[in-house]
Amino acid sequence: MASLKNKTWLGIQWSFGSQVVNQAMVLIFNLALLSWLTPLDFGLFAFPYLVFSFFRSFHDFGYGDVLIVKKDWNPLTYASIFWLTTGIALLCTLLMVFIAPGMAGWTRNNSTQTILIWLGLALMLGAAQAGLEVVFRKNLLFEKLFWMEFYANLTSGIVAIYMAWLGYGINALIGKTLTYVSVLSVLSLFLVPEKPKLQFSLGEVKSNFSFATANIGDQLVQFVFKNADTFLLSRFAPATQLGWYDRAFKLLVFPVQQAGASVARVILPAFSSFSDDKEKLSGAYLKLMATSALLTLPFLVVIPFVSHDVVVLLFDPSWKPMSSLFSIFTLMALTQGVFALGNPIFYLSGKVSTLFRFSLISRSSAVLVLCFVIFTGQDIEWIALSFTLAATFFVLPFQHLVLKMLDIGCSRFWKSIKRAVLGCILIGISLILLHLFTGAMDRGTALLLKIIVALLVYAVVVKNDLLALAGDIKGR
């Protein structure tokens, strides 16, 4: 068991580190692209990329996690799922080309059709990576996944910057996507420890159908919730406003989603071997929640206090309205982090159908709120705030379900995160007081001072927790 714990901790480090490093790289490239691309470019690209993401997320039809939750590796199941995934990828490519004209009608922009056809090609180019990733996850080879992601982001980012610099405009974003999925697939084929055999069993597909449908049902509900805003805004909002909204979400909420998902991807395969031991599961969950709160909460608290200065200092003036959206989306980022860490517990506890029902109710309610504020003609800030509050409303009942499954009392849970929460409260108080004395300062100096004070205040409060975390890392 000690070996599994070490592999798990190492997997979390590589997976979480992958998100930190790679998201930082993506952030740098995205900021650089803002120098050549406009909010209109990003707004026009947002909807086609949403359609691409939909097909790319679901062309395994929920079968990918089948191999993860099974304790024993079955080469026939692996091969069957891989070739099923590849076949569905081809079908999805054809579907994207077929629906492209209709999607252009939805956005009322002819460029949507061209972009969708190019992104349909990206589905096929990325099919190999989508089918092989499960092998890396099953064997906890997160170091290899890290380097694959690193080189894919680096190569695609350089391609996008070069194309944008040459004046290709929105085509730079298309080139970025095509390069990214191609590099991932090539590296997956070279580095995967076991390639699928040329065999297929319909029986293997049928025997895991119930799990796959419940899995994809929950994923589908979550996808609709996460992307309903982009889908509706692409129709009812100007492309420039969608560009502000999309960039604020991708630069703030998306990295938190990815970080949470990276940890979740480790939890599922690592702890599947003792899924019947509730005490070990509860201890692991509390440890992960405490660590996540310790590392992410302070940044989410600081963002509303510094977002305006950051946007004014770093971005083109056309991006200035994005600062208020940054502040609003801090709450959405917190919400998504909680959901990402809690979802694997339902899988490990055999409660996939419960997760699906909860997601269906909670996500649908939030989408209904979103529809109401859009159709009543509210501005982009009010739309973002309403959607965020609707999503946040369901965090407490979701957390209650997770704690109940793990037999964790509220007092035990609060004890694990209380110092991080207290530190964040003191950060907020300190920054409010500091704002009174920085009005006459240079904007850059004031921004730097706020960040330094916030980090110092937080470090003093959570010093023991940080030292304990550092000791754990060193000890592993």
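Separating the OG atom in Ser234 from the CE atom in Met103 is a distance of 9.0 Å, to the nearest 0.5 Å. Rounding to the nearest 0.5 angstrom, the gap separating the SG atom in Cys92 from the CZ atom in Phe55 is 5.5 Å. Between atom CG of residue Leu334 and atom CG of residue Leu297 there is a gap of 6.0 Å, rounded to the nearest 0.5 Å. Atom NZ of Lys250 and atom CG of Asp246 lie 4.0 Å apart (nearest 0.5 Å).
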| query | Step by step, would you call Leu331 with Leu385 a side chain to side chain contact (heavy atoms under 4.5 Å, CB included)? | reply | CA-CA 9 Å; Leu331 192 57; Leu385 179 60; over 6 Å; no

| message | Evaluate Phe45 against Tyr49 for ring pair (Phe, Tyr, Trp, His ring centres under 6.0 Å), listing each step before the verdict. | response | CA-CA 6 Å; Phe45 187 74; Tyr49 190 79; 5.6 Å; yes

| side chain to side chain contact (heavy atoms under 4.5 Å, CB included) between Arg108 and Arg235, worked out | CA-CA 8 Å; Arg108 291 173 288 194; Arg235 172 74 177 185; 3.9 Å; yes

| Under the side chain to side chain contact (heavy atoms under 4.5 Å, CB included) criterion, do Asn227 and Phe54 qualify, and how do the steps go? | CA-CA 9 Å; Asn227 298 282; Phe54 172 80; over 6 Å; no

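Under a 3.5 Å cut-off, the side chain of Arg56 and the backbone N or O of Leu123 do not form any donor-acceptor pair. With Tyr180 contributing its side chain and Leu154 its backbone, the two residues share no donor-acceptor pair below 3.5 Å. Judged by distance alone, with hydrogens and angles left aside, the side-chain atoms of Trp83 form a donor-acceptor pair with the main-chain N or O of Lys197 at under 3.5 Å.
Looking at every heavy atom in both residues, Asn30 comes nearest to Lys176 through OD1-CE, 4.5 Å. The nearest pair of heavy atoms linking Pro101 to Gln113 is CG-NE2, 3.8 Å. Between Leu125 and Ser182, the shortest heavy-atom distance links the atoms CD1-OG, 3.4 Å. Residues Pro48 and Ile115 share a closest heavy-atom pair of CB-CG2, 3.4 Å. When all heavy atoms of Leu325 and Glu381 are compared, the closest pair comes out as CD2-CA, 4.1 Å. The nearest pair of heavy atoms linking Ile417 to Ala290 is CG2-CA, 4.1 Å.
Within the 4.5 Å cutoff, the side chain of Trp319 has heavy atoms near those of the Phe42 side chain. Side-chain atoms of Thr230 and Leu233, non-hydrogen and from C-beta on, never get closer than 4.5 Å to each other. Under the 4.5 Å side-chain criterion, counting only non-hydrogen atoms from C-beta, Phe299 is not in contact with Leu252. Residues Asn153 and Phe29 have side chains not in contact (no heavy-atom distance under 4.5 Å, counting atoms from C-beta outward). Counting heavy atoms from C-beta on, the side chains of Leu90 and Met124 come closer than 4.5 Å. When side chains are defined from C-beta on, Phe52 counts as touching Val181, because their heavy atoms get closer than 4.5 Å. Counting heavy atoms from C-beta on, the side chains of Thr114 and Asn110 never come closer than 4.5 Å. For the pair Ile28/Met25, no side-chain contact is recorded, criterion being any heavy-atom separation below 4.5 Å from C-beta on.
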Can you give the donor-acceptor pairs under 3.5 Å from side chains of residues 237-245 to other protein atoms, not counting sequence neighbours?
{"unit_1": "Trp244", "atom_1": "NE1", "unit_2": "Ser318", "atom_2": "O", "d": "2.9"}
{"unit_1": "Tyr245", "atom_1": "OH", "unit_2": "Asp229", "atom_2": "OD2", "d": "2.6"}

Tell me which donor-acceptor pairs under 3.5 Å the side chains of residues 160-174 have, and how far apart each pair is, sequence neighbours excluded?
{"unit_1": "Asn171", "atom_1": "ND2", "unit_2": "Tyr168", "atom_2": "O", "d": "3.4"}

Scan the side chains in residues 300-308 for donor-acceptor partners under 3.5 Å anywhere in the protein, sequence neighbours excluded, and list what turns up.
{"unit_1": "Ser307", "atom_1": "OG", "unit_2": "Ser323", "atom_2": "O", "d": "3.3"}
{"unit_1": "Ser307", "atom_1": "OG", "unit_2": "Ser327", "atom_2": "OG", "d": "3.0"}

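Looking at residues two or more places apart in sequence or on another chain, you find no side chain to side chain donor-acceptor pair (under 3.5 Å) involving Ser364. Thr177 pairs by the side chain to side chain donor-acceptor pair (under 3.5 Å) definition with nothing, not counting sequence neighbours. Under the rule for a side chain to side chain donor-acceptor pair (under 3.5 Å), the partners of Thr112 that lie at least two apart in sequence or sit in another chain are Thr107.
Within 6.0 Å of the CH2 atom in Trp36, the count of heavy atoms belonging to other residues, nucleotides or ligands exceeds 12. Other residues, nucleotides and ligands contribute over 12 non-hydrogen atoms within 6.0 Å of the CZ atom of Phe346. Annotation: Lys195, atom NZ; neighbour count of heavy atoms from other residues, nucleotides and ligands within 6.0 Å is above 12.
Ring geometry, Phe398 versus Phe358: the interplanar angle falls from 30° to 60°, so the pair is classed tilted.
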